[in-house]
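Encoded as structure tokens, the structure appears first; notes follow it.
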Amino acid sequence: MTSTTLPHNHGQNIEKVLEKMPDQAACTCTAEIFKQVSDGTRLRILWLLCHCEECVSNIAAIMQMSDPAVSHHLKLLRKSGLIVGRKDGKETYYKLADTDKAQLLHRVCEEMFDISCPLR
């Protein structure tokens, strides 16, 4: 971050904090991830895909939604990098992405729901 002259000095050594402050692009990227899990349906789908790999039709049946509605949510989760899909014939199977951010979000969800992962 560029040097900023603050109007008040509160004696808290704000310069060291500002040196580590993420830039706007990083905050925007993180905000996009949080937007995806701020929707209850997407959060339930994400939780499911943290624990198993599943196709659109099965996810739709579990969520009691239409295939196109589930596909829309999956597209957003994929775009944010939280899930990945693999093709097998005509089916696409989705699961949690094998990234540090996706795994961290999985752990956060487990803590927030106050439940333990069914696979542990």
Quiz item: Would you say D23's side chain and A26's backbone share a donor-acceptor pair under 3.5 angstrom?
Solution: yes
Quiz item: Say you draw a straight line from NE2 of H51 to CG of L46; how long is it, rounded to the nearest 0.5 Å?
Solution: 9.5 Å
Quiz item: Is it true that a side-chain atom of S80 and a backbone atom of L77 form a donor plus acceptor pair closer than 3.5 Å?
Solution: yes
Self-check item: A97 to V84 - nearest heavy-atom pair and separation
Solution: CB-CG1, 3.9 Å
Quiz item: If you measure from CG on L104 to CD1 on I33, what distance do you get to the nearest 0.5 Å?
Solution: 9.5 Å
Quiz item: Are E32 and K35 within salt-bridge range, i.e. N to O under 4.0 Å?
Solution: yes
Quiz prompt | Minimum side-chain heavy-atom gap D39-H73 below 4.5 Å | solution = yes
Practice problem: Assess whether side chain to side chain contact (heavy atoms under 4.5 Å, CB included) is satisfied between R42 and V37, documenting all intermediate values. | Solution: CA-CA 6 Å; R42 278 193 295 277; V37 295; over 6 Å; no
Quiz item: Rounded to the nearest 0.5 Å, how far apart are CD1 of I45 and OG1 of T41?
Solution: 6.5 Å
Quiz prompt | Shortest non-hydrogen separation from L49 to Y94 and the atoms involved | solution = CD2-O, 3.3 Å
Quiz item: OG1/T92 to CD/E54 distance, rounded to the nearest 0.5 angstrom?
Solution: 12.5 Å
Practice problem: Identify the heavy atoms of V70 and I59 that sit nearest to each other, and give their distance. | Solution: CG1-CG2, 3.5 Å
Quiz item: Considering all heavy atoms of both residues, which atom of A102 and which atom of L82 are nearest to each other, and what is their separation?
Solution: CB-O, 3.8 Å
Practice problem: Measure the spacing between CG of L105 and CZ of F34 and express it to the nearest 0.5 Å. | Solution: 7.0 Å
Practice problem: Measure across C55 and E91 and return the closest heavy-atom pair with its distance rounded to 0.1 Å. | Solution: CB-OE1, 3.3 Å
Exercise. Determine whether V108 and H106 make a side-chain contact, defined as any pair of heavy atoms from C-beta on separated by less than 4.5 Å.
Key: no
Quiz item: Are Y93 and I62 connected in the hydrophobic side-chain network, where two residues link if heavy atoms are under 4.5 Å apart?
Solution: no
Quiz item: What about M65 and W47, same hydrophobic cluster or not, with Ile/Leu/Val/Met/Phe/Trp/Tyr joined at side-chain heavy-atom distances under 4.5 Å?
Solution: yes
Self-check item: Value rounded to 0.5 Å, distance of CZ in R78 from OG in S71
Solution: 10.0 Å
Self-check item: side-chain hydrogen bond (donor to acceptor under 3.5 Å, both in side chains) partners of E15, counting only residues at least two apart
Solution: none
Quiz item: side chain to side chain contact (heavy atoms under 4.5 Å, CB included) between Q36 and K79: does it pass, once the steps are laid out?
Solution: CA-CA 10 Å; Q36 298 315 313; K79 184 178 177 187; over 6 Å; no
Self-check item: Pairing residues for S57 by the side-chain hydrogen bond (donor to acceptor under 3.5 Å, both in side chains) criterion, not counting sequence neighbours
Solution: D67
Quiz item: L96 and M63: same hydrophobic cluster, using ILVMFWY side-chain contacts below 4.5 Å?
Solution: yes
